[in-house]
There are 2 protein chains.
Amino acid sequence: MIKRAKGVTISQVADAAGVARSSVSRAFTRPGMLLPETVERIMKAAEALGYVPNHTARALSTGRHGNVGLIVPDIANPFFPPLIQAAQLEADRSDFCIFLGNTGESPKQEDKLVGRFAGQVEGLVLASSRLSEDRIRAHAEKLPLVLINRDIAGIPRVLIDSSSGVRQAVEHLAKLGHRRIAYVSGPANSWSNKQRRAAIRSAATPAGIEVDIVAAALPSYESGRNVVQAILSTGATAAVAFDDVTAQGVLAGLSENHVSVPADFSLIGCDDVLGAVTFPALTSVSNRSVEAGRVAVSLLLDMLQSHAIRDVRCVLETHLVLRSTTTAVA
Amino acid sequence: MIKRAKGVTISQVADAAGVARSSVSRAFTRPGMLLPETVERIMKAAEALGYVPNHTARALSTGRHGNVGLIVPDIANPFFPPLIQAAQLEADRSDFCIFLGNTGESPKQEDKLVGRFAGQVEGLVLASSRLSEDRIRAHAEKLPLVLINRDIAGIPRVLIDSSSGVRQAVEHLAKLGHRRIAYVSGPANSWSNKQRRAAIRSAATPAGIEVDIVAAALPSYESGRNVVQAILSTGATAAVAFDDVTAQGVLAGLSENHVSVPADFSLIGCDDVLGAVTFPALTSVSNRSVEAGRVAVSLLLDMLQSHAIRDVRCVLETHLVLRSTTTAVA
DNA sequence: CTGTTAGCGCTTTCAA
DNA sequence: TTGAAAGCGCTAACAG
């Protein structure tokens with residue numbers, strides 16, 4: 001059993017300094033309003049007592065609690081940690097704290113989290129939301145919202161435009177002589193997935209390439225490994241995967257099937273989160289998740305400050321990063 | 001510009017339902033105290049008005065805000081996401097929210113975060129804290145604290161005991177005929193690092209193995225890659241790395257130096273976070289981070305509930321996971 | 001079982 | 001420049 005000091009309140013400081021409670025409050029929020037010597041006396045007393053302003057009380061009184069929420073589908077997916085980190089850094093710069101939520105790719109859980117967070121945060125960043133547009137709109141009416149990788153008009157959003165990179169990927173494969181490729185798709189509700197699939201299709205036609213869509217339900221290593229048979233049965237000589245993690249699974253599955261990469265099969269990932277750590281090193285579409293996290297939070301804080309909501313649509317371009325998993329067809 | 005609904009308060013619901021404010025409060029917190037029909041009437045009114053209890057006001061009044069903090073050194077290190085996820089899941093079960101903090105391996109930042117969180121959370125989990133024992137003790141006086149991978153008497157802690165696994169690793173290498181091995185160490189303030197280093201040393205002597213310590217400042221891919229020269233210059237034929245990420249860097253560095261694994265050199269990681277995704281698949285010491293996260297939060301919630309602090313020391317055992325990066329010396 | 005009445009700790013008019 | 005006083009929205013005795 002341990003005793004824990006009950007918080008020192010503003011009144012105790014006021015008494016100790018021989019001033020009114022309001023003056024103590026002012027000393028901490030708008031010292032300019034007080035005589036420097038008064039401020040100093042108050043601060044001295046506060047210091048001596050170990051006074052720390054009570055965040056909750058302040059929040060109740062002002063309606064501002066200096067927290068923003070960040071909700072992601074899967075922390076364990078290497079796409080998100082850098083984004084989270086950047087978001088946190090940006091929040092920190094304005095003395096905001098971040099509430100992190102993980103939905104496990106479940107829209108239901110996401111809805112629940114948004115509800116749980118609302119009321120404790122001033123605003124929310126939804127990264128790669130799997131919610132329906134309706135739900136997102138509904139939430140946006142209740143509190144300031146910024147979206148990452150979700151394109152909904154009227155709601156501020158930052159989009160990592162993988163089309164540019166994906167297009168380069170397809171052209172690269174075309175140049176290498178591939179004529180039939182597979183796209184290993186991601187989550188159905190993922191905006192990025194739709195975008196990538198569309199980009200592949202639109203780039204493939206002029207390049208004279210056939211595209212087969214192979215569905216991997218979740219963006220995961222296992223998912224990727226499980227669809228290798230399906231990929232091979234399409235007769236494709238190359239594949240682009242929804243993301244690097246899926247691609248890594250595909251890589252493993254191919255190896256298990258004695259298909260060697262890139263000699264027998266070319267593979268390209270997306271998001272470039274694995275760097276050169278796979279073997280062979282994975283060719284991938286670059287990623288801007290750090291900027292995305294930073295910009296999203298910064299946008300959100302702007303909204304909070306200006307009390308207005310502009311229709312921002314911030315697009316971040318990408319490109320193909322060549323490594324060792326692609327080669328010309330035999 | 002968008003108008004956002006100002007919150008409906010308990011008073012409005014009370015008026016609408018023709019009861020006192022306290023009854024509304026009771027309907028939400030202890031419905032059992034009220035007549036079922038009263039509760040129903042209140043709920044109906046609340047529903048109609050779209051009433052949602054104000055978390056902040058409740059927190060101010062009760063002193064409990066249903067949040068716990070979790071601070072980790074580096075979200076991007078694959079050791080932590082599963083831990084975070086598990087912690088969040090466990091918190092969720094008791095309707096608690098998690099504040100996540102990332103310190104970037106900096107004690108200073110960690111101290112700052114603890115301060116920022118205190119006052120908004122009821123308790124804190126410090127995972128792999130890089131703080132000095134003094135600082136940790138100081139914080140523990142101010143609010144309920146649970147430690148992960150930090151062994152400080154009197155503060156509840158859950159420890160992943162890698163000694164067992166590391167010992168197996170050394171014995172495994174001994175059996176393969178290795179006589180001189182290197183330990184690629186981790187962060188200086190890391191309890192796990194000290195534990196692993198000690199376990200290696202104590203297991204090596206009876207096995208007739210010499211150990212050289214090679215310091216990698218940070219647990220990262222880059223760090224690992226950078227110390228390969230140092231490792232090779234010790235004349236070791238095998239190495240155990242502080243963690244898998246570091247090991248992966250070492251693997252890359254070895255390959256760049258044309259040292260092939262396991263033919264020319266054997267390598268073992270720790271934490272088993274990379275699964276079989278490296279090439280060759282990394283032999284590693286198993287990891288219990290999911291349990292650690294779950295147990296830590298559960299311990300913390302217990303403390304909050306019982307208002308007492310028992311001297312818990314929960315130890316999770318580990319073992320060696322054999323894959324493909326070790327073999328007998330030539 | 002339900003209403004009345006104080007607060008929780010801080011901010012913020014309004015006066016002085 | 002400072003103090004007094006009225007809340008912010010909710011909970012928790014204490015009566016009845």
Side-chain angles (χ1 to χ4, degrees), chain A residues 4-43 45-46 49-67 95 118-122 142-143, chain B residues 4-46 49-67 95 118-122 142-143 307:
Chain A
R4 232 178 283 285
K6 259 267 128 283
V8 177
T9 78
I10 212 173
S11 307
Q12 310 181 32
V13 178
D15 289 353
V19 297
R21 282 150 54 214
S22 45
S23 292
V24 179
S25 172
R26 288 179 187 119
F28 279 86
T29 51
R30 266 118 40 142
M33 281 184 70
L34 268 42
L35 285 180
E37 54 220 54
T38 313
V39 174
E40 194 183 349
R41 189 150 39 93
I42 295 177
M43 287 313 198
L49 295 173
Y51 167 75
V52 166
N54 180 316
H55 193 91
T56 311
R58 181 177 290 181
L60 179 58
S61 184
T62 60
R64 324 200 59 240
H65 25 62
N67 298 323
D95 274 322
Q120 312 207 56
V121 301
E122 294 183 35
K142 305 214 153 89
L143 84 175
Chain B
R4 233 177 282 285
K6 258 261 135 282
V8 178
T9 77
I10 213 174
S11 306
Q12 310 181 31
V13 177
D15 289 352
V19 298
R21 282 153 50 216
S22 48
S23 292
V24 179
S25 172
R26 288 177 187 122
F28 279 86
T29 50
R30 266 115 43 140
M33 283 184 70
L34 268 41
L35 284 180
E37 53 220 55
T38 315
V39 174
E40 195 183 348
R41 190 150 39 93
I42 294 176
M43 287 313 197
K44 204 153 277 169
L49 295 173
Y51 168 74
V52 166
N54 180 317
H55 194 91
T56 311
R58 181 178 290 180
L60 179 57
S61 184
T62 59
R64 326 198 57 237
H65 24 157
N67 299 323
D95 275 323
Q120 312 207 57
V121 301
E122 293 183 35
K142 303 215 152 85
L143 85 174
H307 229 29

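Labels below follow one simple rule: chain letters A, B, ... track the order of the sequence lines, proteins then strands, and each chain is numbered from 1. As a basis for the values below, the full set of heavy atoms in this structure was taken, side chains included, without hydrogen atoms, waters or symmetry mates.
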Counting only side-chain heavy atoms from C-beta out, which of [options] sits nearest to [X]?
X	options	value
B:Ile10	C:dT12, D:dA12, D:dC10	D:dC10
B:Arg58	C:dT2, D:dT11, C:dC10	D:dT11
A:Asn54	C:dG9, C:dT2, C:dT12	C:dG9
A:Thr38	D:dT1, D:dC10, D:dA4	D:dT1
B:Arg21	D:dT11, D:dT1, C:dT11	D:dT11

Do [X] and [Y] have side-chain heavy atoms sitting under 4.5 Å apart?
X	Y	value
B:Met33	B:Arg30	yes
A:His65	B:Thr56	yes
B:Gln120	A:Asn67	yes

Rounded off to whole Å, could you give me the [atom1]-to-[atom2] distance for the [X] and [N] pair?
X	N	atom1	atom2	result
A:Gln12	C:dC10	CD	C1'	14 Å
A:His55	D:dC8	NE2	C1'	15 Å
B:Arg64	D:dC10	CZ	P	18 Å
B:Ile42	C:dT2	CD1	P	8 Å
B:Met33	C:dG3	CE	C1'	11 Å
B:Arg30	D:dT11	CZ	P	9 Å
B:His65	C:dG9	NE2	C1'	13 Å
A:Glu37	D:dT2	CD	P	8 Å

What's [X] touching, base or sugar-phosphate or nothing? Going by heavy atoms closer than 4.0 Å.
X	value
A:Thr9	sugar-phosphate
B:Thr56	nothing
A:Val24	nothing
A:Leu34	sugar-phosphate
B:Phe28	nothing
B:Leu60	base
A:Ser25	base

task: Using only side-chain N and O atoms of B:Ser23, determine if any of them is under 4.0 Å from OP1 or OP2 of C:dG3.
output: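 It does, given that an N or O in the side chain of B:Ser23 lies less than 4.0 Å from OP1 or OP2 of C:dG3.
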- prompt: Mapping B:Val19 and B:Ala57 onto DNA chain C by nearest heavy atom, which one lands closer to the 5' end?
  reply: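 It is B:Val19, whose closest nucleotide lies nearer the 5' terminus.
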task: For A:Thr29 and for B:Thr62, locate the closest nucleotide of DNA chain C by heavy-atom distance; then report the residue assigned to the nucleotide nearer the 5' terminus.
output: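 It is B:Thr62, whose closest nucleotide lies nearer the 5' terminus.
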query: Between B:Val13 and B:Ile42, what is the shortest heavy-atom contact and its length?
result: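 For B:Val13 versus B:Ile42, the nearest heavy atoms are CG1-O, 4.0 Å.
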field: Check: B:Ala17 main-chain N/O paired with B:Arg41 side-chain donor or acceptor under 3.5 Å
entry: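 The answer is yes, because a donor-acceptor pair under 3.5 Å joins these two groups.
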- prompt: Is A:Thr29 reaching over with its side chain to a backbone N or O of A:Ser25, donor-acceptor style, under 3.5 angstrom?
  reply: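 Yes; at least one donor-acceptor contact below 3.5 Å.
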task: Would you state whether a donor and an acceptor, one from the side chain of A:Arg41 and one from the base of D:dT2, lie under 3.5 Å apart?
output: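 Under the 3.5 Å cut-off, the side chain and the base do not form any donor-acceptor pair.
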